[in-house]
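Worksheet: one structure, shown below.
Basis for what follows: all heavy atoms, side chains included, without hydrogens, waters or symmetry-related copies. Sequence lines set the chain letters: A, B, ... in the order given, protein chains first and strands last, and positions in each chain run from 1.
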Protein chains: 2
Amino acid sequence: MNRGAPKLSDVARMAGVSPATASRALSTPGRVRPETRARVDHAARLLGYVPHGAARALASQRSRMIGAVIPTLDNAIFANSVNALQGTLAESGYTLLLGSHAYNPVTELQVTRELIERGADGIVFVGTDHDPQIYRMLATFRTPYVLIWSLDPSGRHPCIGFNNRDAAIRVTRHLLDLGHRRFGVISGLTAHNDRVRERLAGVRDALRARGLELSPQAVVERPYSFASGQQAMRELMGRRPSPTAVVCINDVLAIGAIIECRAAGIDVPGDVSITGFDDMEISAQLAPGLTTMRVPTVELGRAAATYLLDRLAGREVATFTELPVELVVRGSTGSPQLESPPGPQHAVR
Amino acid sequence: MNRGAPKLSDVARMAGVSPATASRALSTPGRVRPETRARVDHAARLLGYVPHGAARALASQRSRMIGAVIPTLDNAIFANSVNALQGTLAESGYTLLLGSHAYNPVTELQVTRELIERGADGIVFVGTDHDPQIYRMLATFRTPYVLIWSLDPSGRHPCIGFNNRDAAIRVTRHLLDLGHRRFGVISGLTAHNDRVRERLAGVRDALRARGLELSPQAVVERPYSFASGQQAMRELMGRRPSPTAVVCINDVLAIGAIIECRAAGIDVPGDVSITGFDDMEISAQLAPGLTTMRVPTVELGRAAATYLLDRLAGREVATFTELPVELVVRGSTGSPQLESPPGPQHAVR
DNA sequence: TTGTAAGCGTTATCAG
DNA sequence: CTGATAACGCTTACAA
């Protein structure tokens with residue numbers, strides 16, 4: 001791909017120095033006389049020299065590329081994080097290699113292999129649920145990595161995330177405090193998704209602490225999509241007695257749920273309360289009284305980049321970072337519901 | 001980064017063949033005896049061999065990586081395309097290198113250089129507005145590329161896109177046909193963004209064809225954000241006489257505009273009509289009567305991947321592909337407005 | 001079909 | 001501070 005393009009030796013010749021010196025002038029400017037550095041820089045500029053990354057990687061054993069393995073970019077949540085990740089990496093001259101797996105563990109393994117093969121100096125993963133083979137590969141290739149979105153309870157893997165279970169507990173408690181007793185949950189698919197499982201567990205924990213159980217039919221598990229959320233909401237509202245509060249495990253599902261409520265003429269909140277996770281800006285507009293958990297997507301991306309860059313530079317790094325999640329109570333889902341058993345309330349996330 | 005990891009020579013030794021044969025067995029299975037191929041495969045599997053991408057790229061002059069240079073991932077529109085692009089590439093063993101520039105042409109040039117440096121075998125760009133230096137670099141390095149989202153009128157650059165101007169014309173005509181005469185436009189920033197300029201020109205064209213002009217104050221130019229859209233809408237509705245129809249150049253702005261209408265108690269459509277571009281699923285929920293232009297984001301990503309893969313494989317490729325854009329008329333923004341000058345109508349996109 | 005050997009364009013080591 | 005020179009791990013003529 002570099003056919004005909006100027007190479008380092010061309011730059012060196014033009015500057016009247018050896019390739020070695022040219023290399024140094026370009027990558028470690030401090031190690032050459034200012035004057036020769038100027039000559040080399042000038043020659044490089046004149047020739048439009050662009051270093052050959054593969055050659056450089058081969059010789060230096062560093063690719064200056066960081067990989068990210070994510071479920072999908074369709075979820076705005078991950079797109080935001082990836083955007084921040086890429087931006088932060090670029091500031092340090094690193095390029096992002098992107099792989100997604102659509103929640104398929106086999107694909108994930110494959111994608112990871114691919115990134116390692118391309119020489120990723122480090123890799124970012126989402127969540128803690130990964131094939132043991134993945135961790136084995138990372139160890140074999142001594143590839144630094146970090147898990148984001150979740151906290152690793154085992155402490156075996158470096159992670160930057162937040163307490164998904166606790167966030168769900170807080171959201172649920174909020175609903176309980178509003179007086180709700182009949183709950184429904186619109187969940188994402190739990191397979192290969194620790195975030196969903198933790199959040200679900202959090203809802204259960206909070207309810208149990210107040211002597212309530214979540215019956216199997218009170219939980220609807222669906223893939224992330226507006227349509228799923230709509231349909232799930234319809235099902236839940238069809239149950240008798242119908243829930244007065246519904247917790248949505250993800251914002252996409254929440255939006256679907258809200259849409260369904262509007263279509264069915266159900267007031268949110270009022271007849272129903274919704275609480276949620278992730279990126280709820282739009283959801284909040286759909287249902288102004290919405291209560292949500294705001295997840296630090298941008299911070300996750302930035303922190304992951306910083307972690308890996310620091311690690312690669314041999315700097316000290318914290319191997320366990322918990323980020324705060326903010327409970328955002330909008331409008332007045334408040335006291336009214338406390339007296340009369342309110343309509344359904346939904347915890348969105 | 002490959003320290004301690006098995007290399008091709010290890011596989012070769014274990015299989016009892018030369019490195020050359022091992023290489024062939026792995027990358028061109030057809031060129032070796034089935035029996036030796038099996039031995040090599042077995043050895044590779046046993047050792048957990050992962051090829052060294054940089055070495056391979058250096059020797060073969062091909063990286064099996066494709067770059068994408070996009071404005072941002074924060075816009076769901078681009079995220080969808082990138083997702084499709086990455087997925088299609090992965091099916092053919094290609095990995096995606098991602099760069100974004102936040103609508104900054106200097107950053108874009110830099111990012112492009114970075115991708116070329118990393119050895120991208122091909123690059124996808126958004127739109128036609130690019131620094132001439134970018135095209136020069138692409139030529140120097142003989143890097144295949146393709147522009148998506150727009151059609152290149154000059155015919156100089158391969159492109160896969162749709163007619164942005166025509167789409168805007170159709171949307172505007174629709175509003176005209178509904179009886180609207182007083183228009184407002186919420187535009188994105190026109191600098192370095194041919195899509196916005198084309199769409200804006202389309203609105204002007206359609207109006208002019210019916211003897212109407214768009215006064216300077218009827219156009220509000222803002223960066224993409226919900227807040228911008230809200231604010232712009234407020235400004236437009238403050239004008240006297242106020243517009244009965246508003247065209248939003250992008251869905252993010254549209255959502256903001258709709259939010260503002262709801263907050264102000266303005267009915268959409270009814271007091272106001274909205275029409276839009278890009279991903280209007282949510283907008284449509286916020287304003288059920290919304291008319292929109294549906295942009296083929298997934299197809300754009302897929303087609304771009306296919307184009308580059310075909311080109312790299314030496315296959316025939318169409319260098320100019322126009323994709324259809326669908327005008328989606330929802331609800332009944334219809335006849336009511338035809339009689340009485342309707343409230344403001346907004347073309348969202 | 002397989003092996004030999006010469007690169008691919010940089011960086012790193014080691015003298016000078 | 002600078003210059004030879006040997007890797008880096010793989011592919012690919014060319015020969016056998």
Task: Note: A:R197-A:D194 ion pair, threshold 4.0 Å (strictly below) - done: no
Task: Salt-bridge contact A:R195-A:D129 (side-chain N to carboxylate O under 4.0 Å) - done: no
Please give, in whole Å, the distance from [N] [atom2] to [X] [atom1]?
X: B:R118; N: C:dG9; atom1: CZ; atom2: P; result: 18 Å
X: B:E35; N: C:dT2; atom1: CD; atom2: P; result: 8 Å
X: A:R13; N: D:dT2; atom1: CZ; atom2: P; result: 19 Å
X: B:I116; N: C:dG9; atom1: CD1; atom2: C1'; result: 17 Å
X: A:D10; N: C:dG9; atom1: CG; atom2: P; result: 9 Å
X: B:H52; N: D:dT11; atom1: NE2; atom2: P; result: 12 Å
X: A:R31; N: C:dT13; atom1: CZ; atom2: P; result: 10 Å
X: A:L8; N: C:dT10; atom1: CG; atom2: P; result: 5 Å

- [ ] Return the 5'-most residue of the pair B:A59, B:G16 with respect to DNA chain C, ranking by each residue's nearest nucleotide.
- [x] B:G16
Out of [options], which has the shortest distance to the side chain of [X]?
X: B:S60; options: C:dC8, D:dT11, C:dG3; result: D:dT11
X: A:S18; options: C:dT10, D:dG3, C:dT2; result: D:dG3
X: B:K7; options: D:dC8, C:dG3, D:dC10; result: D:dC10

Task: side-chain hydrogen bond (donor to acceptor under 3.5 Å, both in side chains) assessment of A:R302 paired with A:T88 - done: CA-CA 6 Å; A:R302 267 212 282 267; A:T88 308; 5.4 Å; no
- [ ] Classify the ring geometry between A:H130 and A:Y135 as parallel (under 30°), tilted (30 to 60°) or perpendicular (over 60°).
- [x] perpendicular
Open item on the list: Is the ring pair A:Y103/A:Y224 parallel, tilted or perpendicular, if the boundaries are 30 and 60 degrees?
Closed with: perpendicular
TODO: Look at the side chain of A:T36 and the backbone N and O of A:R33, then say whether any donor-acceptor pair between them is shorter than 3.5 Å.
DONE: yes
TODO: Give me the bend of the helix from C:dT1-D:dA16 to C:dG16-D:dC1, using the axes of the five pairs at each end, rounded to 10°.
DONE: 30°
I want to check one thing: is the phosphate of [N], taken as OP1 and OP2, less than 4.0 Å away from some side-chain N or O of [X]?
X: B:Y49; N: D:dG9; result: no
X: B:R56; N: D:dT11; result: yes
X: A:Q61; N: D:dG9; result: yes
X: A:T36; N: D:dT2; result: yes

Task: Atom pair CD/CD of B:E91 and B:Q86 - distance to nearest 0.5 Å - done: 10.0 Å
- [ ] Determine the minimum heavy-atom distance between A:L58 and B:A54, stating which atoms define it.
- [x] N-CB, 4.1 Å
- [ ] Side-chain contact test, heavy atoms from C-beta onward, threshold under 4.5 Å: evaluate it for B:S63 versus B:R118 and give yes or no.
- [x] no
TODO: Using a cut-off of strictly less than 4.0 Å between a heavy atom of the residue and any atom of DNA chain D, enumerate the qualifying residues of residues 20-30 of chain A by number.
DONE: A:A20, A:T21, A:R24
TODO: Carefully, step by step, assess B:K7 and B:D10 under the rule salt bridge (charged side-chain N to carboxylate O under 4.0 Å, His left out).
DONE: CA-CA 5 Å; B:K7 29 209 305 194; B:D10 297 325; over 6 Å; no
